[in-house]
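One structure below.
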Amino acid sequence: MRLSRYFLPVLKETPSDAQIVSHQLMLRAGMIRQQSAGIYSWLPLGMKVLKKVEQIVREEQNRAGAVEMLMPTIQSADLWRESGRYDDYGQEMLRITDRHEREMLFGPTNEEMITEIFRSYCRSYKDLPKMLYHIQWKFRDEIRPRFGVMRGREFLMKDTYSFDIDEAAARHSYNRMFVAYLNTFARMGLKAVPMRADTGPIGGDLSHEFIVLAETGESEVFCHADLVEMAVPGADVDFEGDLQPLVDQRTALYAATEEMHDADEFAKVPADRQLSARGIEVGHIFYFGTKYSEPMKAMVMHQDQKEHAVHMGSYGVGVSRLLGAIIEAHHDDKGCIWPESVAPFGAGILNLRAGDDAADTACEDAYAKLSAAGLDPLYDDTKERPGGKFATADLIGLPYQLVIGPRGLKENKVEVKIRRSGETHEMSPEDAVNRLAEGAFSNG
RNA sequence: CGGGGCGUAGCGCAGUCUGGUAGCGCACCUGGUUUGGGACCAGGGGGUCGCAAGUUCGAAUCUUGCCGCCCCGACCA
């Protein structure tokens with residue numbers, strides 16, 4: 001992409017209503033624009049990162065055996081009356097009346113709808129297990145939206161729903177998501193710690209929040225420090241096999257949010273391993289048994305020739321919130337530092353003197369070759385002065401900057417800057433392009 | 001919803017107390033000089049001061065109502 005043709009409205013100054021660094025940087029880097037309290041437009045740069053994050057979530061869901069579909073944003077109130085949640089959900093649900101005076105709502109979640117779909121088609125225990133997900137915009141009319149995309153009213157969520165024959169089978173589905181989430185967040189450069197969460201009226205031990213530690217997090221958390229650095233299972237996990245040991249390895253160590261915190265248990269953690277911090281909830285997994293299948297009659301015939309309600313779980317990832325979490329984890333005073341896996345462009349090419357023949361030629365050549373290599377470079381071909389180009393490149397956080405100007409070219413030199421470390425390497429244009437194309441500067 | 005704060009040019013703000021022809025920096029446009037880490041000079045455009053009503057000879061400024069946004073609290077991916 002040529003910057004001259006792109007839409008990248010960067011701000012030099014920090015908008016006054018942004019309180020936390022991720023919100024400030026998303027506004028300054030021209031990623032989002034607030035349209036109303038807690039409601040944002042995703043500008044091109046933000047959209048690109050959002051899609052990358054979404055794709056990682058999707059790939060890991062698919063790997064874990066979940067099947068993608070798409071449900072609508074608008075739902076019928078009748079569906080929610082079946083589960084009893086229409087009255088329970090309260091003011092957080094945005095209720096809408098259509099022209100025929102039908103009561104509709106903008107979905108805050110999809111348990112009812114997926115249960116309705118499941119029960120319409122699945123009648124036998126032989127149809128189980130099933131695991132379906134979608135990535136769709138949700139609306140929750142939060143009392144107080146804040147911190148940009150961290151607590152928006154409209155937000156993009158991945159929600160998965162599992163259907164199993166009994167609690168033991170549901171536990172395996174739960175473990176699939178538990179492990180999938182560990183891998184998902186690690187791929188984005190996040191250290192997410194699973195923490196015991198409140199299971200509400202269902203009880204049991206099957207609910208975990210996945211928390212990214214960050215000073216600006218909304219939750220106070222307490223955990224064994226080893227959990228933070230624990231290596232994730234990785235891509236070659238056998239999701240059909242026994243995942244319980246992987247789960248136990250983590251749940252054996254203390255980790256809880258404020259609501260679930262037990263000071264006495266925490267005190268048993270070795271003192272030098274006790275970690276109390278703040279965190280951002282990026283995922284939440286939940287087993288809720290027959291809470292919806294019972295009232296909504298999602299029954300399957302078992303071998304005993306009787307109908308039984310299916311055991312369900314739901315598993316959410318705040319996709320749009322993840323962008324905030326990633327920036328909180330990866331930034332400096334100059335701007336964002338995107339992990340390569342979610343960077344909006346693979347590299348930036350900075351033409352320090354657009355209009356100079358030598359610089360233009362070298363930049364065009366690098367742009368063509370890096371594009372061909374699949375790096376999806378952003379070529380700053382504007383007439384702006386070098387200082388502004390450096391500042392913009394740092395602000396939007398591209399992992400690599402290929403800096404090309406007439407002064408260096410006289411000695412056949414260009415500069416490669418690594419955003420995360422700030423280090424620069426001088427070399428010939430050919431070397432720079434080749435090494436960038438082959439990922440020579442990557443640290444994985 | 002309770003408590004607090006703020007709405008003045010695209011962004012950041014001053015002016016409001018004490019009413020008297022709407023300002024500053026950045027950004028933008030034109031010309032010129034510049035050009036390797038957010039240049040300089042000169043000129044220029046842009047605001048019914050959130051909306052409405054009221055007080056007044058006169059309102060960004062005082063009064064009332066409404067709207068929007070932000071922060072603290074209880075809830076959530």
Side-chain angles (χ1 to χ4, degrees), chain A residues 9-20 23-24 27-28 30 33-39 53 57 88-93 107-110 135-160 181 185 192 197-198 200 208-212 217-219 257-259 279-286 314-325 334-335 350-356 359 382-395 401 403-411 413-415 417 422 424 426:
Chain A
V10 297
L11 304 175
K12 202 187 269 190
E13 287 171 288
T14 301
S16 60
D17 44 0
Q19 303 297 314
I20 63 171
H23 188 195
Q24 293 170 348
L27 292 169
R28 288 195 54 214
R33 174 168 181 81
Q34 181 170 332
Q35 304 291 169
S36 184
I39 299 177
V53 169
V57 171
D88 294 349
Y89 218 90
Q91 292 297 302
E92 225 166 84
M93 185 150 70
T109 179
N110 289 66
I135 300 171
Q136 176 64 292
W137 293 92
K138 306 293 191 290
F139 194 94
R140 293 183 189 174
D141 200 357
E142 297 281 349
I143 295 166
R144 189 156 79 86
R146 63 182 128 172
F147 302 151
V149 300
M150 298 283 249
R151 178 184 293 282
R153 291 196 293 171
E154 187 181 65
F155 59 97
L156 187 62
M157 180 165 91
K158 184 284 301 175
D159 39 325
T160 306
Y181 278 22
F185 300 128
D198 192 359
H208 286 86
E209 294 179 4
F210 285 73
I211 304 278
V212 172
E218 290 192 274
S219 330
T257 58
E258 201 173 4
E259 307 84 64
I280 302 163
E281 183 184 351
V282 291
H284 196 160
I285 60 177
F286 214 98
S314 74
Y315 315 89
V317 169
V319 176
S320 46
R321 174 182 285 184
L322 275 169
L323 273 77
K334 294 193 177 77
L350 277 61
N351 186 340
L352 296 187
R353 188 90 56 89
D356 176 272
T382 65
K383 301 269 190 197
E384 198 184 354
R385 298 165 56 82
K389 295 193 176 192
F390 288 122
T392 297
D394 285 345
L395 175 62
Q401 297 168 20
V403 180
I404 300 178
R407 204 173 77 189
L409 285 173
K410 283 180 187 153
E411 293 158 27
K413 287 276 196 321
V414 297
E415 185 182 290
K417 174 172 166 182
T424 59
E426 277 206 332

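First the proteins, then the strands, lettered A, B, ... as listed; each starts at 1.
- Between A:R146 and the phosphate of B:C70, there is no side-chain N or O to OP1/OP2 separation shorter than 4.0 Å.
- On the P atoms, B:G54 is 26 Å away from B:U16, given to the nearest whole Å.
- Counting any heavy atom pair closer than 4.0 Å across all strands shown, A:E13 reaches a base atom.
- Computed from coordinates, the A:I20 CD1 to B:C70 P distance equals 13 Å when rounded to whole Å.
- Within 4.0 Å (heavy atoms only), A:D394 reaches at least one base atom of the nucleic acid.
- Taking atom P on both B:U61 and B:U56, the two are 16 Å apart, rounded to the nearest angstrom.
- Within a 6.0 Å sphere centred on CD of A:Q35, heavy atoms belonging to other residues, nucleotides or ligands number more than 12.
- Residue A:I143 has its side chain nearest to B:C1 when only B:C70, B:U35, B:C1 are considered.
- Residue A:R144 places none of its side-chain N or O atoms closer than 4.0 Å to OP1 or OP2 of B:C70.
- Distance check on atom C1': B:G43 versus B:U55 gives 43 Å, rounded to whole Å.
- Where A:R28 and A:E92 meet RNA chain B, the nucleotide closest to each residue was compared, and A:R28 sits on the side nearer the 5' end.
- In a base pair of the Watson-Crick type (N1 to N3 plus N6-O4 or O6-N4) or a G-U wobble (N1-O2 and O6-N3), with each distance short of 3.5 Å, B:C69 is matched with B:G5.
- Rounded to whole Å, the separation between the P atoms of B:U33 and B:C13 comes to 37 Å.
- Here A:G355 lies out of heavy-atom contact (under 4.0 Å) with every strand.
- Note on A:S16: every side-chain N or O is 4.0 Å or more away from OP1 and OP2 of B:C11.
- A:S36 comes within 4.0 angstrom of the backbone, heavy atoms only, and of no base.
- You'll find that the side chain of A:Q34 is closest to B:C70, out of B:G36, B:C70, B:U34.
- Between A:I404 and the options A:L352, A:N351, A:L409, A:L350, a side-chain contact (heavy atoms from CB on, under 4.5 Å) holds for only A:L409.
- Applying the Watson-Crick and G-U wobble criteria (two distances, each under 3.5 Å), B:C76 pairs with nothing in any strand.
- The side chain of A:A37 has B:C70 as its nearest neighbour among B:C70, B:G36, B:U35.
- Counting atom types as modelled, A:R151 pairs a side-chain N or O with a base atom of B:C76 as donor and acceptor under 3.5 Å.
- The side chain of A:R33 places no N or O atom within less than 4.0 Å of a non-bridging phosphate oxygen (OP1 or OP2) of B:G10.
- For A:G38 against A:P145, the heavy-atom pair with the smallest separation is CA-CB, 3.6 Å.
- For the C1' atoms, the distance linking B:G10 with B:C72 amounts to 30 Å, nearest Å.
- Scanning for side chain to side chain donor-acceptor pair (under 3.5 Å) contacts around A:T160 gives A:Q61, A:K158, with sequence neighbours left out.
- Note on A:G405: a base of the nucleic acid sits closer than 4.0 angstrom, heavy atoms only.
- Figure legend. B:U63 is base-paired to B:A53; pairs are counted as Watson-Crick or G-U wobble with both atom distances under 3.5 Å.
- When distances are taken from the side chain of A:T392 to each of B:C72, B:A77, B:G38, the shortest belongs to B:G38.
- The side chain of A:K417 lies closest to B:G37, out of B:C26, B:G37, B:C75.
- Looking at heavy-atom distances under 4.0 Å, A:Q19 makes contact with sugar-phosphate atoms alone, never a base.
- Within 4.0 Å of A:T109, counting heavy atoms only, lies no atom of the nucleic acid at all.
- Atoms CZ (A:R140) and C1' (B:A77) sit 6 Å apart, rounded to a whole Å.
- Rounding to whole angstrom units, CG of residue A:D141 and P of B:A74 are separated by 19 Å.
- Across all strands shown, B:C11 is found opposite B:G25 as a Watson-Crick or G-U wobble partner, with both distances under 3.5 Å.
- Proximity of the aromatic rings of A:H208 and A:F210 is defined here by a centroid distance below 6.0 angstrom, and this criterion is not met.
- For the C1' atom pair drawn from B:C69 and B:G50, the interatomic distance equals 10 Å after rounding to whole Å.
- Across all strands shown, A:K410 has no heavy atoms under 4.0 Å from either base or sugar-phosphate atoms.
- In this structure, the nucleotide among B:G38, B:A77, B:C70 sitting nearest to the side chain of A:D17 is B:C70.
- B:A14 and B:C57: their P atoms are spaced 32 Å apart (whole Å).
- Looking at A:R151 and A:E142, a side-chain N of the basic residue comes within less than 4.0 Å of a carboxylate O on the acidic one, giving a salt bridge.
- With sequence neighbours excluded, the residues that form a side chain to side chain donor-acceptor pair (under 3.5 Å) with A:Q401 are A:D394.
- Summary of the strand contacts: A:F147 and A:P15 both lie near RNA chain B, and taking for each the nucleotide with the nearest heavy atom, the more 5' one is attributed to A:P15.
- Between A:R28 and A:E13 there is no salt bridge, since no side-chain nitrogen of the basic residue lies less than 4.0 Å from a carboxylate oxygen of the acidic one.
- The phosphate of B:A27 has OP1 or OP2 within less than 4.0 Å of a side-chain N or O from A:K12.
- Base contact: A:G408 has a heavy atom under 4.0 Å from a base atom.
- Protein atom CG of A:L27 is 11 Å distant from nucleotide atom P of B:C11, rounded to whole Å.
- In this structure B:U18 sits in no base pair that meets the Watson-Crick or G-U test at under 3.5 Å.
- Counting non-hydrogen atoms under 4.0 angstrom, A:V403 reaches a base of the nucleic acid.
- A:F155 qualifies as a stacking partner of the B:A77 base, centre to centre under 5.5 Å and near-parallel within 30°.
- For B:A42, the paired nucleotide is B:U30, the pair qualifying as Watson-Crick or G-U wobble because both relevant distances are below 3.5 Å.
- Across the P atoms, B:A9 and B:G25 are found 16 Å apart, a figure rounded to whole Å.
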